[in-house]
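One structure is given here, and the rest of the page talks about it.
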Amino acid sequence: MTTTTDSTTVQGAVGSSRTRVEGRDKVTGAARYAGEIPFAELAHGWLVLSTVARGRIRSVEDAPVRSMPGVLTVLHHGNAPRIDTDYTGMLGRPNPVVGLFQHDRVPFVGWPVALVVAETSEQAREAAEALVVRYDEEPHDVEFLAGHAGAYTPDGSDAETEKGDLEARLRAAAFVVDEEYSTPEEHHNSMEPHAATARWEGGRLDVVDSNQGTFWVSSELASLFSLDPGSVRVRSEHVGGGFGSKGLAPHQVAAVMATTLLHRPVRVVLTRRQMFSLVGYRSPTAQRITLGAGPDGRLSAFDHRALSLTSTVHEFIESSANVGRTMYDADAHHTRHQVVRLDVPTPTWMRAPGEAPGSFAVESALDELAERSGIDPVELRARNEPAAGPVSGLPFSRRNLRACLEEGARRFGWAERDPRPGLRREGRWLLGTGMAAASFPAGVGPSTAAVTAEPDGTYTVRINAADIGTGARTAMASVAADALRTDPERIRVRLGDSDLGPAWIAGGSMGTRSWAWAVRLAADELRELLALGGSVPPEGLTTRADTSDAIGAMAQKERHSYGAQFAEAAVDVTTGEVRVRRLLGIFAAGTVVNPLTARSQLVGGMTWGISMALHEEAVRDRASGGYVNADLAGYHVAAHADVPHVEADWVDDHDPEDPVGIKGIGEIGIVGVAAAIANAVWHATGVRHRRLPIRPDRVLAAEEARPGAEGASGA
Ligand code: MOS
């Protein structure tokens with residue numbers, strides 16, 4: 001199949017701003033989300049979660065609850081049907097938390113121990129809260145610490161990379177930075193909570209859900225319940241955010257279990273509080289960065305050691321040390337992941353997994369090197385641009401970081417910056433600016449698509465994409481329109497239904513690229529058929545594409561999106577308040593399909609970066625092992641008043657090997673932002689904050705610890 005890249009140079013639908021095709025439905029409330037779709041005879045399930053961090057369930061005293069109003073059943077490890085968790089799915093082994101009610105062990109606070117099903121959601125909740133569960137408690141450890149005695153290097157080639165003699169290079173270095181950085185536990189907190197309704201319909205299991213990939217969830221459910229994959233259908237039409245948390249989780253499994261037993265539709269919705277322990281989160285990290293550089297600032301030694309946590313039942317690694325494997329080279333280069341098992345829920349992918357916390361450490365350390373060497377932070381990064389993958393040795397497909405740095409510096413007015421810290425004051429505020437570089441892998445996964453020419457001159461695109469709020473429908477219409485040389489208005493897009501066949505998930509910044517590739521191939525073929533005089537029969541003329549072979553044949557290369565983040569911060573050292581005044585991100589992220597929604601995506605990621613720098617932090621109580629702040633009152637997510645004017649833009653870039661030139665923009669927006677802000681706080685105050693979030697009490701404590709600290713220093 002030949003492909004063209006003319007859509008990147010000819011102004012078509014791709015590259016033009018278009019409002020979301022379902023936007024009107026969303027703002028008028030006509031769009032229905034998974035927890036809102038009505039079903040006749042609907043029953044409601046409510047999960048009961050453990051209150052101890054480690055032990056065994058001694059008893060579930062369900063008899064009194066069964067006679068409460070409306071209660072239909074109570075499921076727990078003593079009566080639940082057996083399911084099969086011994087399989088390997090699309091993204092690996094299932095998280096044991098989806099193996100609902102299969103044994104009496106409790107590995108963390110918030111582990112599902114029962115499901116109460118009732119006629120109404122209120123009755124289910126009332127009964128669930130009344131259910132008495134007794135435990136044999138065991139001592140637990142939930143404390144994440146650098147240097148934890150239980151830390152180990154996980155198996156697998158990804159854990160550690162090493163070249164050169166680190167000690168020798170550090171001894172010979174003109175400048176050395178050796179510091180520890182830490183980031184707290186952070187949660188996805190998608191606006192729409194997880195919700196699923198399951199029912200049996202015509203011999204098939206039909207699940208209406210909110211997820212990042214219906215084919216993914218349907219295949220996992222088929223494996224768990226030992227069903228023929230064709231007999232499971234999962235639909236997910238509108239999704240209010242996912243950020244990595246919306247795959248298979250206990251709510252779908254609970255709904256399927258209950259509907260199978262009760263022979264009526266069952267809905268299970270998670271509360272905000274339940275989401276904290278059931279759908280994953282970003283592990284806290286403790287990272288150590290050691291850099292050695294020559295007088296010109298070129299790195300001769302690079303060492304990144306990152307520790308994260310996982311549960312006792314499943315291993316998940318927050319791959320913070322990955323970022324240095326492709327961003328910065330040095331003669332001596334070492335990266336290592338370690339993990340410690342604690343009595344806590346299993347973390348998972350969360351927007352820019354690895355890169356978000358990893359870039360905080362690396363890009364903060366680079367700023368410290370800039371300070372020590374007297375080299376401008378932008379220039380320092382430009383001088384350290386590698387010619388090939390530092391660890392892989394592979395060529396870069398297209399590395400446009402330098403263009404991002406130059407354009408960002410120009411737009412931000414970086415040239416006028418006085419590098420000395422603590423010099424600028426405006427009333428009670430100390431002002432500073434900081435920057436960071438960013439990258440995120442540009443991946444692609446196999447997908448299938450079908451495009452139909454309808455007899456009325458319109459087209460239907462069938463692609464099992466997940467529109468998790470990103471505008472996937474709108475993007476796919478633009479991609480198909482250009483291939484078909486028509487207007488996006490003439491194209492309808494069907495997505496979010498596992499019956500559409502396999503397609504990549506909305507994850508890893510790979511969704512748009514993976515789906516567009518398949519849509520483009522199918523649409524190109526249809527256009528060629530029609531150009532040859534193919535007539536459109538009454539049922540329409542359909543072409544199909546499967547990108548598996550094309551993707552499998554791609555040459556090995558380093559493929560990434562890039563960015564440069566610039567921040568201005570104001571710090572009141574008498575109250576500890578930090579305000580971000582300006583944020584600018586310039587990205588090289590491939591062809592931008594829809595500038596309107598792409599900008600929203602990037603600004604959303606950058607906003608999350610502000611939140612990560614200053615606010616977000618899940619706190620665990622050592623005594624109980626549970627959360628102190630599992631709600632949006634105690635876990636502060638940046639609100640409107642926290643967010644200044646955020647500007648996101650991009651330089652010309654396209655992936656030469658992608659039919660549409662796409663790289664992916666889902667995650668790069670958050671990468672580097674926390675470091676840029678921390679670097680700006682240093683520039684404002686002269687104090688380094690190596691621990692996130694930069695809370696007022698930490699700013700005050702740092703100020704008090706500073707010798708002779710009063711007002712601006714360094715003048
Ligand atoms: Mo994203 S963390 O790959 O959903």
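Start at 1 and go down the list; that is how both ligands and their atoms are numbered.
Protein residues with a heavy atom closer than 4.0 Å to ligand 1 are Gln212, Phe243, Gly244, Trp349, Met350, Arg351, Pro353, Ala506, Gly507, Gly508, Glu667, listed by chain and number.
Residues satisfying the side-chain hydrogen bond (donor to acceptor under 3.5 Å, both in side chains) test with Thr271, not counting sequence neighbours, are none. Under the salt bridge (Lys or Arg N to Asp or Glu O under 4.0 Å) criterion, Asp467 pairs with Arg473, sequence neighbours left out. Residues that satisfy the side-chain hydrogen bond (donor to acceptor under 3.5 Å, both in side chains) test with Ser611, not counting sequence neighbours, are Glu616.
Classification of Asp658 and Lys663 as a salt-bridged pair fails, no side-chain N sitting under 4.0 Å from a carboxylate O.
Taking the six-membered ring for Trp and the full ring otherwise, Tyr562 and Phe440 have centroids separated by 6.0 Å or more.
The salt bridge (charged side-chain N to carboxylate O under 4.0 Å, His left out) test with Arg235 singles out one residue from Asp209, Asp497, Asp499, Asp206, and that residue is Asp206.
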